Amino acid sequence: MSAQKSAHPVDEKLPALKMATTGLQHVAAMYAGVVAPPLIVGAAIGLSATDLTFLTGACLFTAGLATFLQTIGVWKIGARLPFVNGVTFAGVAPMTAIAASTEHKSDALPIIFGAVIVAGLLGFLAAPFFSKAVRFFPPVVTGTVITLIGISLLPVAFGWAQGPNPAAHDYGSATNLGLAAATLLIVLLLRRFTTGFVKQIAVLLGLVLGTLIAIPFGVTDFGPVADADVIGFPTPFHFGAPQFQLAAIISLCVVMVVSMTESTADMLALGEIVERPADEKTIAAGLRADTLGSAISPLFNGFMCSAFAQNIGLVAMTKIRSRYVVAVGGGFLVLMGLCPMAASLIAVVPRPVLGGAGVVLFGSVAASGIQTLVRAGLEKDNNVLIVAVSLAVGIVPITAPEFYHAFPETVRIVLDSGISTGCVAAVALNLVFNHLGRGRDAQDVTHPMEAGEEITGSATRAPATP
């Protein structure tokens with residue numbers, strides 16, 4: 001048997017065309033999530049249209065670099081899983097708060113960049129210690145967190161389906177919802193009635209066909225392509241040298257902790273999906289890639305980087321587990337950062353079309369979590385309580401966004417992340433019900449490292465290709 005055939009699907013190198021199209025599909029799935037934070041923060045600062053375009057391109061460029069670190073890896077950096085990295089949305093609120101409190105708006109981005117650099121470096125040093133928390137993530141915890149990731153992302157898809165601007169007159173119109181439904185239907189039909197390669201790129205085809213359908217309705221804007229430059233490099237420190245202010249650093253260090261918590265949960269989720277369980281070593285390497293990518297990002301005018309959960313749904317749905325596919329997607333992101341005109345092509349896809357595809361992608365994540373919970377021993381009352389309460393805690397920010405309005409802003413950064421609060425609740429409840437005051441024989445499941453050894457038969461042998 002050749003080395004290629006014996007390789008785990010995560011390490012498989014697919015034909016060039018298949019890698020390119022499926023890599024582009026990953027970019028399409030996460031593009032809106034990458035460009036939204038710079039657009040929001042840039043608008044809060046009052047950047048010109050030219051500077052806003054530059055900032056968006058810089059974030060695409062740095063997302064590509066961070067994705068390379070995560071998928072290809074170097075030394076002990078990178079989970080080497082099909083993991084897309086990009087600008088974390090958790091930092092948007094504190095960054096806009098920093099901008100609002102800065103007297104001279106020209107100093108806002110340098111202050112933000114300085115805080116991101118410090119938070120990234122501290123996170124890099126803390127990664128091996130943070131990764132030890134993996135032992136507290138048995139299937140009852142990971143299944144709950146994976147389910148929460150999917151549930152937490154679905155409102156994003158629903159928001160996209162209604163349109164790009166909540167203040168617009170057509171927000172939530174029958175046209176927008178109809179385009180989202182049409183895109184969803186196209187993806188479902190392609191998945192049901194096609195096979196092979198076409199079936200695997202159903203989401204990408206759905207986005208293309210949905211965009212074409214949207215043209216007669218006047219919601220497809222080709223303006224970004226016409227106005228974009230062909231070539232543009234994110235010049236280092238374009239907005240000025242980093243400035244280091246304690247309050248901003250503390251605020252973004254809190255964001256870094258939240259980001260690392262969510263990345264740990266995402267790595268555990270992706271490890272289950274690709275059948276290569278993420279152990280302590282993998283998580284430490286993945287967190288190093290997240291944090292180093294964040295520390296480097298401000299040099300090229302980008303923000304804090306983190307794993308993108310929506311792409312986990314794409315892996316789950318397409319069953320394409322090669323990390324090299326995602327690395328190719330990272331290459332596309334770098335090219336888009338260097339070529340604003342190329343970046344603007346995906347910007348043409350109407351938000352409702354993205355919303356229709358997002359329902360499938362994000363729903364697939366939740367379904368993967370449910371599959372994990374099936375193996376978690378829910379016939380045991382303790383585990384049912386753990387799942388029930390953790391899901392309830394995690395859904396609070398979704399169903400009642402103002403629930404924690406009376407808490408300080410720095411505390412709300414954590415509480416308003418349903419994934420983080422649900423994860424903490426699941427870990428704490430698992431300790432109380434399955435560990436404290438009880439012997440190991442009282443536990444219902446093993447932790448992921450032990451489970452990984454059971455799957456592989458040996459800690460040193462890679463899982464067999466299914």
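Positions are given from 1, in the same order as the sequence printed here. Just so we're clear, the structure is a prediction, and the values are computed from it rather than from any experiment. Heavy-atom basis, side chains included; hydrogens, waters and symmetry copies ignored.
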message: So, taking the atom named CD1 in Ile296 and the one named CG in Leu299, what distance separates them when rounded to the nearest 0.5 Å?
response: 7.0 Å

message: Can you confirm whether more than 12 heavy atoms, excluding those of Tyr171, are under 6.0 Å from its OH atom?
response: yes

- prompt: In Å, rounded to the nearest 0.5 Å, how long is the span from CE of Met267 to CD of Glu272?
  reply: 14.0 Å

task: Would you sort out whether His238 and Asn301 count as a side-chain contact (heavy atoms from CB on, under 4.5 Å), showing the intermediate values?
output: CA-CA 7 Å; His238 176 81; Asn301 314 283; 3.4 Å; yes

task: Could you go through the side-chain hydrogen bond (donor to acceptor under 3.5 Å, both in side chains) check for Thr144 and Ser390 one step at a time?
output: CA-CA 7 Å; Thr144 301; Ser390 300; 5.4 Å; no

message: With rounding to the nearest 0.5 angstrom, report the SG to CZ distance, Cys339 to Phe332.
response: 12.5 Å

message: When you compare the side chain of Leu385 with that of Leu429, does any pair of heavy atoms fall below 4.5 Å?
response: no

field: Minimum side-chain heavy-atom gap Val353-Pro350 below 4.5 Å
entry: yes

field: Closest heavy-atom pair and its distance - Ala63, Val34
entry: CB-CG1, 4.4 Å

- prompt: What orientation do Phe113 and Phe239 show, parallel under 30°, tilted 30 to 60°, or perpendicular over 60°?
  reply: tilted

query: What closest approach, in Å, do Ala295 and Pro298 show between heavy atoms, and which atom pair accounts for it?
result: O-CD, 3.4 Å

field: Inter-residue atom distance Ile386.CD1 - Asn430.CG, 0.5 Å rounding
entry: 4.5 Å

- request: Determine whether Leu65 and Leu69 make a side-chain contact, defined as any pair of heavy atoms from C-beta on separated by less than 4.5 Å.
  value: no

statement: Looking only at heavy atoms, the pair that brings Leu154 and Gly363 closest together is CD2-N, 3.9 Å

- request: Keeping the roles fixed (side chain from Ser297, backbone from Phe303), state whether a donor-acceptor pair exists under 3.5 Å.
  value: yes

query: Atom OG1 in Thr399, atom CD1 in Ile151: separation rounded to 0.5 Å?
result: 10.5 Å

field: Non-hydrogen side-chain atoms of Asp279 and Thr282 separated by less than 4.5 Å
entry: yes

task: Applying salt bridge (charged side-chain N to carboxylate O under 4.0 Å, His left out), name anything that partners Arg323, two or more places apart in sequence or on another chain.
output: Asp11

statement: Residues at least two apart in sequence or cross-chain that pass side chain to side chain contact (heavy atoms under 4.5 Å, CB included) with Ala284, listed by chain then number, are Ser131, Arg288

task: State, with a plain yes or no, whether a side-chain heavy atom of Pro82 is found less than 4.5 Å away from one of Leu270.
output: yes

- request: Looking only at non-hydrogen atoms, find the nearest pair between Ile98 and Ala248 and report the distance.
  value: CD1-CB, 3.6 Å

- request: Would you check if the side chain of Gln25 reaches a backbone N or O of Val203 as a donor-acceptor pair within less than 3.5 Å?
  value: yes

message: For the backbone of Asp170 and the side chain of Ser173, can you confirm whether one donor and one acceptor N or O come within less than 3.5 Å of each other?
response: yes

query: More than 12 foreign heavy atoms under 6.0 Å from CZ of Phe217: is that the case here?
result: no

message: Please determine whether side-chain contact (heavy atoms from CB on, under 4.5 Å) holds for the pair Thr71 and Tyr324, giving the CA-CA distance in whole Å, both sets of side-chain angles, and the decisive distance to 0.1 Å.
response: CA-CA 7 Å; Thr71 54; Tyr324 295 105; over 6 Å; no

statement: Correct closest heavy-atom pair for Val87 and Cys59 would be CG2-CB, 3.7 Å

message: Exactly one of Val315, Val274, Leu14, Val326 should register a side-chain contact (heavy atoms from CB on, under 4.5 Å) with Ile320. Which one does?
response: Leu14

- prompt: Hey, does the side chain of His405 reach the backbone of Glu402 with a donor-acceptor pair shorter than 3.5 angstrom?
  reply: yes

Min side-chain heavy-atom separation Ile186-Leu189 under 4.5 Å: no

- request: Heavy atoms only: give me the nearest Leu378-Val384 pair and the separation to one decimal.
  value: O-CG2, 3.0 Å

field: Test salt bridge (Lys or Arg N to Asp or Glu O under 4.0 Å) applied to Arg321 and Glu12, step by step
entry: CA-CA 8 Å; Arg321 295 175 276 179; Glu12 184 180 5; over 6 Å; no

query: Going by heavy atoms in the side chains, are Leu81 and Gln70 under 4.5 Å from each other?
result: no

- request: State, yes or no, whether a side-chain contact exists between Thr372 and Arg375 at a heavy-atom distance under 4.5 Å.
  value: yes

message: Using 0.5 Å steps for rounding, measure from the OG1 atom of Thr220 to the CD1 atom of Ile213.
response: 10.0 Å

- line: Exactly one of Thr67, Thr62, Asp290 clears side-chain hydrogen bond (donor to acceptor under 3.5 Å, both in side chains) with Asn85, and that residue is Asp290

query: Checking side-chain contact (heavy atoms from CB on, under 4.5 Å) for the pair Leu252/Met95: CA distance, chi angles, key distance, verdict?
result: CA-CA 8 Å; Leu252 289 187; Met95 286 192 293; 4.3 Å; yes

task: Go through the steps for Ser294 and Met256 under the test side-chain contact (heavy atoms from CB on, under 4.5 Å), then give the verdict.
output: CA-CA 9 Å; Ser294 295; Met256 179 58 74; 3.9 Å; yes

query: Under 3.5 Å, is there a donor-acceptor pair linking the side chains of Ser259 and Thr88?
result: no

